[in-house]
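Everything below concerns the one structure shown next.
Since this is a predicted model, take the numbers as computed values, not measurements. Throughout, protein chains are lettered first and strands after them, A, B, ... in sequence-line order, and every chain is numbered starting at 1.
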Amino acid sequence: MQRMLTMIRKEFRQIFRDRPMLVIIFIVPVIQLLIMSFAFTSEVKHISCLIVDFDNTPMSRDLIHSLHHTEQFDLTEMTTDIRQIDERMKRWQVQMALIIPPHFSRDLERHLNPQCQLIVDGVDGNTAGVALGYARGILSNFQEKWTAELTASSFHNDVHIIQMTERMLYNPDLRSQQFMVPGIVVILLTILPMMLSAMSLVKEKEVGTLEQLMVTPLKRYQLLSGKLIPFLLLSFFELFIVMSVGITVFKISMNGSYLLLACLALIYLMTTLGLGIFISTITHSQQQSMFVAWFSMIFLILMSGFFIPIENMPLLLQKLTYLNPMRYFMTIVRDIFQKGSSLRFLLKEAIPMTLFGLMIFTLSVFKFQKRVQ
Amino acid sequence: MDAIQIDNFQKQYGSRYAVKGVSFSIHFGELFGLIGPDGAGKTTLIRSVCSLLPPDGGIIKINEMDVYQNISAIRNILGYMPQHFSLYQDLSVEQNLHFFADLYQVPQVSLKDKLEQLYHFSRLEPFKKRKAGALSGGMKQKLALSCALIHTPEVLILDEPTYGIDPVSRQELWEMLHTLQKENITILVSTAYMEEADQCDRIALMHQGKISSLGSPSQLKNAYPYPLYRVSGRDFFPLKKFFLKLPQVHSIQLFGDSIHISFAQKPNETDWEHWKKKTNHILTEWNLLSPSIEDCFIEFTRNSR
């Protein structure tokens, strides 16, 4: 026990003496959080829009006005030259064009179902889809409004419109930060413990101190726990920082139990620390271990549903994600934050995650013990 | 009873033998040198004695205890200083010493005296706040030695402690080892510098994983079987060529400032004068020489090369 404490104290000393490491540990996560949560937003705003208005009546101007009055669309230009559309899109100046045909308002008044054309730049499929959705919504509101007015004035009453009322659960404002910040929590709890444990174990090997340690009466489990406990504590501290920033700066709502989150995080850390130990056993220098850690991290993150929703992946890849422990923790953290899920609802993720954690940790420790021999 | 007993020790890496059947023992309080060139198997042998590498054959005992059956007991009485500096460069001198003191669980009461003694011994006192990485090569070795001594070991094992440090620090380090020997510590030290052999009580010459000869430095020198001459001249290469052709020459070795030549039959002065004439006076000087350890090493390992 005494020896373990000695190791832990030494480890903290080394961490706090290593300036670049300190920056990595304390500043990078916060910056990452600030930048990533603003940048990775699925909200689409300020789509530049070109209007080709052949009608030029009060009604068509009203339609343009209703587009203009939203946050989503910026009207860049009005024109009557259709060739402009192609040219502007190629120059990345507009992303969407709306063509209002001649006699638009006349046809609408006569119930002749006039057709507007929407042209959307499909290079970024995601944005295009969202923009199209917004525009459709606005157009249908417009139609509803004018139909009502026209019907009222001419006493026609044959237009039936099915009305949909929408209500978003858990994240009513559809704020992307509410979704991203918990994801970043998971990423930090993956990167930090994995890299730090791998690098610090490999450093002992690289510098040769491991050999000096091995001739002392220090037991292997003492060596390993002396190494891992500091990183465990640091990871929790990190979790604390990121959550505080998320809750105070981004006004993220945390609807679940902190205790549950902490317990499941502890289980997850078995996986990431275990991976760190494993990496340290297959590499010989800090550079190598850094490279292996980054490489495996990219796979973990891509296959976790952080950027790309798992449901959108091909079936084979979807099945592969079940082998990724990070996938489970990603779901768990997002559910706890947003839905306030209790353990009962998370067992489907928590059980495989625990199994992975136990397996990875035990195997790595076993491999480490053998290597150190 | 001996401090360290090695009996038919073998170690192989893959199918290559690093050490093939080595047996010797080291007496209590002895300063024992393991001398040999790089790649002779010294480090492998030493790491095995320190219980870091399990042997592939044979037995190593320290204080009559089999090293691999009593690992924890052995580690408490053993001090080890590896070949490469292996302390924490980012910790200070003081913190390194305290760290290893804690790992060996040196009682707080005796620690203060021990540290004082070690600081005095190594003259590191003024540098105790300095980071180990910022020390000079010689001071690093002294710190490493101090860390290996923090728990007052009975047996001290050093792997090439003088490798890569300046001559003054080397001499200081040997003096420190002599001081330790007076405190009844058994010391096993390896080195590739042949001239350092004279600092040891007994030495083993190691070559290609085998001990080629063993004894005190003077015993080994006395065992040198041929008369040895130190020859100098105005130009070494024609001289070497000339002597190579002589039937009574046993071996020729070029050194920096002279040629060492051993003879199967001892030549007399007439022979030398004759040779001097025959070489057009390129040969200028010849003296009978008492062999150095290096001469011994070259001679004793001749057959295996």
- In terms of heavy-atom pairs under 4.5 Å with chain A, the winner among His98(B), Lys131(B), His151(B) is Lys131(B)
- CG (Leu53(B)) and CE (Met214(A)) are apart, to the nearest 0.5 Å, by 11.5 Å
- The single option from Arg13(A), Arg9(A), Lys10(A) passing side-chain contact (heavy atoms from CB on, under 4.5 Å) against Phe99(B): Lys10(A)
- side chain to side chain contact (heavy atoms under 4.5 Å, CB included) evaluation trace for Lys203(A) with Asp90(B): CA-CA 12 Å; Lys203(A) 191 176 169 192; Asp90(B) 43 1; 3.2 Å; yes
- Are there more than 12 heavy atoms of other residues, nucleotides or ligands under 6.0 Å from atom CZ of Phe291(A)? no
- Task: Step through the shown structure and confirm whether more than 12 heavy atoms of other residues, nucleotides or ligands are within 6.0 Å of CD on Gln287(A).
- Result: no
- Hey, what do you get for OG (Ser86(B)) to NZ (Lys205(A)), rounding to the nearest 0.5 Å? 15.5 Å
- Message: I'd like to verify something: which residue of Leu78(B), Asn76(B), Ile74(B) has the highest number of heavy-atom pairs under 4.5 Å with chain A?
- Response: Asn76(B)
- How long is the gap from OG1 on Thr216(A) to CD1 on Ile150(B), to the nearest 0.5 Å? 13.0 Å
- Residue, of His84(B), Arg47(B), Gln83(B), that accumulates the most heavy atom pairs under 4.5 Å with chain A: Arg47(B)
- Task: May I ask you to check whether over 12 heavy atoms, not counting those of Met290(A), lie within 6.0 Å of atom CE?
- Result: no
- Message: If you compare all heavy atoms of Pro217(A) against all heavy atoms of Arg75(B), which two are closest, and at what distance to 0.1 Å?
- Response: N-CB, 4.3 Å
- Item | Heavy-atom neighbours of Phe26(A) CZ exceed 12 at 6.0 Å | yes
- Message: Quick check on the interface: out of Phe85(B), Tyr80(B), Phe100(B), who has the most heavy-atom pairs with chain A under 4.5 Å?
- Response: Tyr80(B)
- CZ of Phe28(B): more than 12 outside heavy atoms within 6.0 angstrom? yes
- Tyr119(B) atom OH, neighbour heavy-atom count above 12 within 6.0 Å: yes
- Task: Take atom CZ of Phe240(A) as the centre, draw a 6.0 Å sphere, and report whether it contains more than 12 heavy atoms from other residues, nucleotides or ligands.
- Result: no
- Is any side-chain heavy atom of Leu91(B) less than 4.5 Å from a side-chain heavy atom of Arg17(A)? yes
- Check each atom of Met4(A) against the heavy atoms of chain B and say whether the ones under 4.5 Å are side chain, backbone, both or neither. neither
- Task: Heavy-atom distances under 4.5 Å only: say whether Gln222(A) touches chain B with side chain, backbone, both or neither.
- Result: neither
- Task: Could you tell me whether the side chain of Leu103(B) reaches within less than 4.5 Å of the side chain of Leu213(A), counting heavy atoms only?
- Result: yes
- Locate the shortest heavy-atom distance separating Val207(A) from Leu87(B); write the atom from each residue and the value. CG1-O, 4.0 Å
